[in-house]
Enquirer: 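Would you mind keeping the following structure in view while I ask a few things?
Positions are given from 1 along the sequence. Basis for what follows: all heavy atoms, side chains included, without hydrogens, waters or symmetry-related copies.
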Amino acid sequence: MMDRFRLLTLAALAVIPSACATYGHEPNPKVPDPVNAPPVDPRALEQQTEVIEAERRRPGRPVPEDEIVVLNPGAVPPPPVGAGAIVPVPDRWRLAEAIGVKEKWYDPYNQNTLKGDRPILGNDELFLVAALTSDTVIEPRTFPTPVSIQTTEEPDQLDVFGESDSFVFAQTFIPSFSLIKGMTAYKPPDLEFRLTPAIQVNYVDIKERRALFVEPSRDTERTDFYVGIQEAFVDYHIRNVSDRYDFDSVRVGVQPFNADFRGFLFQDSQLGIRFFGNRDNNRFQYNLAAFMRLEKDTNSGLNAVDEEIREDYVLAANIYRQDLPFPGMTSQATFIWNINRESDDVEIDENGFPVRPALLGNLEGREYDVGYLGYSADGRIGRINLSASVYHAFGENRDGDFVSEPTDISAWFAAVEPSIDVDWLRFRLSALYASGDSDPYDDKEEGFDAIFENPQFAGADTSYWIRQTIPYAGGGRVIAVNGRNGILNSLRSSKEQGQSNFTNPGTLLLGGGVDADVLPELRLTLNANHLWFDDTSILSATRIQGPIAEDIGYDLSASAIYRPNFIQNVVLRLSGAALVPGDGFKELFGSEEELDAYYSILFNAVLSY
């Protein structure tokens with residue numbers, strides 16, 4: 001199109017002199033005669049045209065006064081070139097202040113130096129980001145509480161299980177400080193230092209003795225205080241690998257890590273080193289990490305950095321690919337190797353209960369090498385939202401839980417949660433399978449267990465089974481069927497301080513739920529799940545009783561999440577859950593005559609700055 005325009009222009013220039021002569025005008029002597037002129041080089045003409053166009057586009061070029069056309073005589077005339085006041089501005093971040101906009105340190109939604117909106121210390125590339133979170137938990141609940149003659153609170157109560165009522169209160173303050181170097185609007189920070197301590201005070205009241213302390217003389221109430229370190233790392237930006245800021249970085253220190261989308265395998269904040277980055281306009285992301293697990297405080301679950309580091313190591317590698325296998329879906333491949341060398345370690349928790357080795361089976365110390373190979377997907381297929389994970393665990397336990405010889409580990413896990421949105425409603429289905437061990441006395445361990453799970457699945461911690469810990473009375477001392485904020489029936493002494501156990505009954509779950517955004521600031525959620533053991537051979541062996549049914553029961557829950565003013569700075573949550581015991585649960589724990597269901601009520605208030 002441009003070449004055609006230039007040819008028409010040349011033709012017009014050729015016609016103009018002859019037209020002028022026809023109508024009695026002399027040709028302009030400054031215009032060359034197209035008839036007698038030498039031929040024009042098209043390349044030279046193109047270069048000249050580009051120069052003219054560049055001159056027209058050049059900013060700041062003064063316009064001659066005779067070319068100024070006044071379209072509105074009543075308007076204020078433009079100032080002459082070079083006139084006008086010059087207002088000095090310290091830097092571009094303080095431009096708003098120079099024109100009268102003042103910041104408020106307590107306002108996180110407007111310009112605020114404490115939120116990294118402006119540099120500090122007179123440096124134009126050094127920023128401070130400060131945050132403070134208050135997390136309040138109030139939780140009345142019931143669960144089977146084992147007792148004996150020396151532990152019963154009531155002198156006339158000599159049953160296997162006592163009063164099931166208990167109450168928990170926990171208040172946690174989480175300040176966080178990040179010092180960041182670099183312009184982070186379009187690229188990762190060049191350097192970041194972050195420190196996040198957590199301060200918690202908690203109170204627990206359980207009606208039976210020896211539930212909170214190993215000594216029967218101790219009270220049935222406990223108040224505890226602890227300060228842990230949840231983040232303490234330095235993040236260094238190694239390089240950019242493209243003009244779209246694809247990058248490589250390294251992070252060293254106590255840092256959060258999640259092995260998959262829903263926290264099924266390893267979601268924790270641990271001491272380690274992690275290389276991470278992306279490629280192809282962020283379509284690929286990767287992580288290469290190595291962690292040494294910190295000891296956890298018994299009652300708060302916070303990182304106990306003042307304790308000796310555990311001989312439990314996690315090596316992790318994963319890669320994400322967006323729009324695979326089709327647009328809208330992100331695929332993730334994961335490989336994790338868990339190396340445990342704690343066979344000579346005897347660990348007693350803060351309340352006097354042994355946690356390593358677990359008092360199950362032959363009571364010997366354990367060490368193992370376990371690999372996890374997995375695939376996860378998260379995204380949508382048309383109108384269907386889909387999240388799924390599958391893992392295979394394999395390796396060797398140097399000393400079997402029930403046989404004094406090495407055993408091979410081979411276990412499987414799969415979970416899927418499809419959902420569909422219909423206006424302001426989201427309907428969900430949930431299915432989970434974790435294999436159980438069929439024979440505790442052979443040389444194979446087939447029960448799937450995670451490293452440190454925190455599943456965001458099937459109602460998450462509003463679910464009774466995920467939220468509460470069920471003691472495994474009669475089959476092992478200080479053993480729980482499942483862990484708090486965990487879904488797997490792993491028969492561990494503690495999710496925080498214990499070891500993985502691959503001789504377990506496994507887990508099956510089928511359920512559904514609905515999320516209703518009844519208001520922009522209010523969401524209501526309903527969940528109904530049915531749970532089973534995959535294989536109860538280990539339960540029958542340790543309880544020394546006949547075949548135990550696999551039916552755990554129905555887990556029913558409802559929750560409401562309220563965010564005033566549609567913000568995340570104030571999040572209030574109230575939930576209630578009930579477990580209606582099935583045949584397997586009743587055979588393991590019985591039930592009080594007047595108690596047909598166990599309940600859990602959770603009030604959680606999260607305030608953030």
Side-chain angles (χ1 to χ4, degrees), residues 116 127 129 178 180-192 194 231 233-253 255-270 272-291 314-337 371-392 413-421 426 428 451 453-457 568:
F127 300 84
V129 178
S178 296
I180 300 172
K181 180 181 179 182
M183 312 297 182
T184 60
Y186 302 104
K187 62 179 182 178
D190 297 327
L191 188 65
E192 179 181 2
R194 183 179 298 179
E231 290 180 317
F233 65 77
V234 56
D235 185 316
Y236 176 69
H237 182 70
I238 300 174
R239 61 174 181 168
N240 293 320
V241 295
S242 74
D243 56 1
R244 298 299 181 92
Y245 294 114
D246 292 329
F247 69 94
D248 294 313
S249 289
V250 60
R251 180 175 292 179
V252 181
Q255 55 187 289
F257 183 79
N258 189 2
D260 52 61
F261 297 110
R262 295 298 187 96
F264 290 124
L265 181 60
F266 179 55
Q267 182 179 14
D268 199 4
S269 185
Q270 288 292 345
I273 179 171
R274 178 165 69 101
F275 294 90
F276 61 100
N278 60 356
R279 292 293 187 275
D280 192 19
N281 291 336
N282 201 37
R283 292 186 179 92
F284 281 99
Q285 299 99 35
Y286 74 90
N287 289 282
L288 295 172
F291 296 97
V314 178
L315 307 179
N318 60 25
I319 185 170
Y320 300 80
R321 177 61 167 92
Q322 297 182 14
D323 297 329
L324 183 73
F326 27 72
M329 185 67 65
T330 299
S331 289
Q332 175 200 13
T334 300
F335 177 73
I336 290 185
W337 191 255
Y372 296 89
L373 184 62
Y375 169 80
S376 298
D378 190 73
R380 61 169 48 215
I381 306 173
R383 291 187 58 197
I384 304 298
N385 309 303
L386 182 64
S387 182
S389 291
V390 59
Y391 284 105
H392 176 52
F413 173 90
V416 60
E417 189 169 81
S419 64
I420 186 170
D421 298 326
R426 170 169 289 189
R428 292 178 285 104
I451 302 173
E453 58 170 328
N454 186 22
Q456 306 302 306
F457 180 79
Q568 290 295 117

Enquirer: Between Asn278 (side chain) and Phe247 (backbone), is there a donor-acceptor pair under 3.5 Å?
Expert: yes

Enquirer: Measure the spacing between CD1 of Ile180 and CG of Leu191 and express it to the nearest 0.5 Å.
Expert: 10.0 Å

Enquirer: Under 3.5 Å, is there a donor on one side chain and an acceptor on the other for Thr334 and Gln332?
Expert: yes

Enquirer: Can you tell me if Asp260 uses its side chain to pair, donor with acceptor, with the backbone of Arg262 under 3.5 Å?
Expert: yes

Enquirer: Starting from the C-alpha separation in whole Å, work towards a yes-or-no answer on side-chain contact (heavy atoms from CB on, under 4.5 Å) for Phe266 and Tyr372.
Expert: CA-CA 11 Å; Phe266 179 55; Tyr372 296 89; over 6 Å; no

Enquirer: Rounded to the nearest 0.5 Å, how far does CD1 of Ile319 lie from OH of Tyr286?
Expert: 10.0 Å

Enquirer: Closest approach of Ser178 and Arg194, non-hydrogen atoms and distance?
Expert: OG-NE, 3.1 Å

Enquirer: With no hydrogens and no angle check, is any side-chain donor or acceptor of Asn240 less than 3.5 Å from a backbone partner on Ser242?
Expert: no

Enquirer: For the side chain of Asp323 and the backbone of Gly328, is there at least one donor-acceptor N/O pair under 3.5 Å apart?
Expert: yes

Enquirer: Which heavy atom of Phe261 sits nearest a heavy atom of Ser376, and at what distance?
Expert: CD1-CB, 3.8 Å

Enquirer: Measuring from atom CZ of Arg380 to atom CG of Leu386, what distance do you get when rounded to the nearest 0.5 angstrom?
Expert: 11.0 Å

Enquirer: Quick one: do Ile336 and Tyr391 satisfy side-chain contact (heavy atoms from CB on, under 4.5 Å)? Show the steps, please.
Expert: CA-CA 10 Å; Ile336 290 185; Tyr391 284 105; 6.0 Å; no

Enquirer: A side-chain contact here means heavy atoms from C-beta on lying under 4.5 Å apart; do Gln255 and Phe291 qualify?
Expert: yes

Enquirer: To the nearest 0.5 Å, what is the distance between CD on Gln285 and CZ on Arg279?
Expert: 11.5 Å

Enquirer: State plainly whether the residues Asp248 and Arg239 are in salt-bridge range, i.e. N to O under 4.0 Å.
Expert: yes

Enquirer: Which distance, rounded to the nearest 0.5 Å, do you find between the OH of Tyr375 and the OG of Ser389?
Expert: 9.5 Å

Enquirer: Work out which heavy atom in Ser269 is nearest to a heavy atom in Pro256; give both atom names and the distance.
Expert: OG-N, 3.7 Å

Enquirer: For the pair Asn258 (side chain) and Gln267 (backbone), establish whether a donor and an acceptor sit closer than 3.5 Å, ignoring hydrogens and angles.
Expert: no

Enquirer: Can a donor-acceptor pair be found, under 3.5 Å and without considering hydrogens, that links the side chain of Asp280 to the backbone of Phe284?
Expert: no

Enquirer: Heavy atoms only: give me the nearest Gly379-Met329 pair and the separation to one decimal.
Expert: N-SD, 3.5 Å

Enquirer: With no hydrogens and no angle check, is any side-chain donor or acceptor of Ser419 less than 3.5 Å from a backbone partner on Arg426?
Expert: no

Enquirer: Looking at Tyr320, is its backbone amide N or carbonyl O close enough to the side chain of Gln322 to form a donor-acceptor pair, meaning the two atoms are under 3.5 Å apart?
Expert: no

Enquirer: Centroid separation under 6.0 Å, is that true for the rings of Phe264 and Phe413?
Expert: yes

Enquirer: Considering non-hydrogen atoms only, spot the tightest contact between Ala290 and Leu315 and give its length.
Expert: CB-CD2, 3.6 Å

Enquirer: Between Asn318 and Ala259, which heavy-atom pair has the shortest distance, and what is it?
Expert: ND2-O, 3.8 Å

Enquirer: Does a side-chain N-to-carboxylate-O contact under 4.0 Å join Asp235 and Lys181?
Expert: no

Enquirer: Kindly write out the residues that satisfy side chain to side chain donor-acceptor pair (under 3.5 Å) with Gln270, not counting sequence neighbours, or none if the list is empty.
Expert: Asp268

Enquirer: Could you grab the distance from atom OH of Tyr245 to atom NE2 of His237, nearest 0.5 Å is fine?
Expert: 9.0 Å

Enquirer: Within the supplied structure, the quantity of interest is the number of heavy atoms (other residues, nucleotides, ligands) at a distance under 6.0 Å from Phe335 CZ; does it exceed 12?
Expert: yes

